[in-house]
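A short write-up of the structure that comes next.
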Amino acid sequence: MFQVLESAGWLLDPATAAHSADGMCHVEQRPDHGDARGFWHIETCEPGHGTPMGPRIWHAWFDGHAPDHLVGAFITALANTAPLQRGMFDRTAHHSVVQKPSPLTPEQVVAAHTTRLDTVRAQVRAARRRQEPNPAAPATTGIARPATRR
């Protein structure tokens, strides 16, 4: 997962943490004594005032049971430098976010969104085809069950 962040220009600590170039976002994979995979902690903070990190803006936590592909998708989206499409004047962003009017027409926005959804659907279908049936899962057979007494 750290390769995605490194290729996006993030600064890596020795294989356990990464920091965005602006220093506001930090991703750590921490050990968990009960799980060999450990857990992921992602945190975004305001720039510090003479300290490494200022007040927290948001954070996310993935335990060792979170599927790798979901953690990977989250980290990939986090490292993506493409601007987010938001409604103008929506109060969904941090106060330091710069909003600019989109040069796209409404039709182009819809087409781009549709293309993105089609891509995600194709990825999901491909992932489902790659999944093997779980041999540990109980088979669903027509086992007769006793009738409920009244």
Side-chain angles (χ1 to χ4, degrees), residues 1-140:
M1 312 272 179
F2 287 109
Q3 299 86 358
V4 172
L5 297 172
E6 185 176 32
S7 65
W10 288 47
L11 306 172
L12 297 184
D13 284 351
T16 61
H19 310 280
S20 63
D22 63 5
M24 291 180 67
C25 191
H26 310 277
V27 175
E28 295 180 84
Q29 186 176 23
R30 298 178 180 174
D32 185 0
H33 303 294
D35 186 355
R37 289 179 29 175
F39 59 87
W40 291 88
H41 182 238
I42 299 98
E43 183 172 44
T44 300
C45 298
E46 293 184 14
H49 302 284
T51 62
M53 293 189 299
R56 178 188 288 168
I57 298 171
W58 63 264
H59 73 113
W61 194 274
F62 294 99
D63 70 10
H65 300 290
D68 287 338
H69 69 278
L70 293 181
V71 177
F74 182 87
I75 289 175
T76 300
L78 185 65
N80 188 344
T81 58
L84 294 174
Q85 189 73 34
R86 290 192 172 105
M88 196 62 165
F89 307 113
D90 281 355
R91 309 289 276 160
T92 59
H94 188 259
H95 64 82
S96 66
V97 171
V98 176
Q99 290 190 346
K100 298 178 188 174
S102 175
L104 303 176
T105 66
E107 292 80 13
Q108 290 171 317
V109 171
V110 170
H113 186 66
T114 302
T115 300
R116 188 171 65 245
L117 288 176
D118 290 343
T119 301
V120 170
R121 285 185 190 113
Q123 291 171 344
V124 168
R125 282 192 302 271
R128 284 183 182 156
R129 283 192 296 267
R130 283 193 305 267
Q131 286 180 344
E132 296 179 26
N134 185 358
T140 55

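- Expressed to the nearest 0.5 Å, how far NE2 of His113 lies from CG of Leu104 amounts to 13.5 Å.
- Considering only heavy atoms from C-beta on, Cys25 comes within 4.5 Å of Ile42 through its side chain.
- In plain terms, the two heavy atoms of Leu12 and Ala18 that are nearest each other are CD2-CB, 3.4 Å.
- In this structure, the side chains of Asp13 and His19 come closer than 4.5 Å at one or more pairs of heavy atoms.
- Of all the heavy atoms in Pro103 and Gln108, the pair that sits closest is O-OE1, 4.3 Å.
- Atom CZ of residue Phe2 and atom CD of residue Glu28 lie 8.5 Å apart, to the nearest 0.5 angstrom.
- For Phe74 and Phe62, the ring centers are positioned less than 6.0 Å apart.
- Annotation for Ala66 and Val71: closest pair CB-CG2, 4.0 Å, computed over non-hydrogen atoms.
- Residues Val27 and Trp10 form a side-chain contact, since some pair of their non-hydrogen atoms from C-beta on lies under 4.5 Å apart.
- When side chains are defined from C-beta on, Thr16 does not count as touching Gln29, because their heavy atoms never get closer than 4.5 Å.
- With sequence neighbours left out, His59 forms a ring pair (Phe, Tyr, Trp, His ring centres under 6.0 Å) with His41.
- Here the side chains of Ile75 and Trp40 are in contact, with some heavy-atom distance below 4.5 Å.
- The two residues Gly9 and Ala21 come nearest to each other via the heavy atoms O-CB, 4.1 Å.
- Atom NE2 of His26 sits about 8.0 Å away from atom OG1 of Thr44, to the nearest 0.5 Å.
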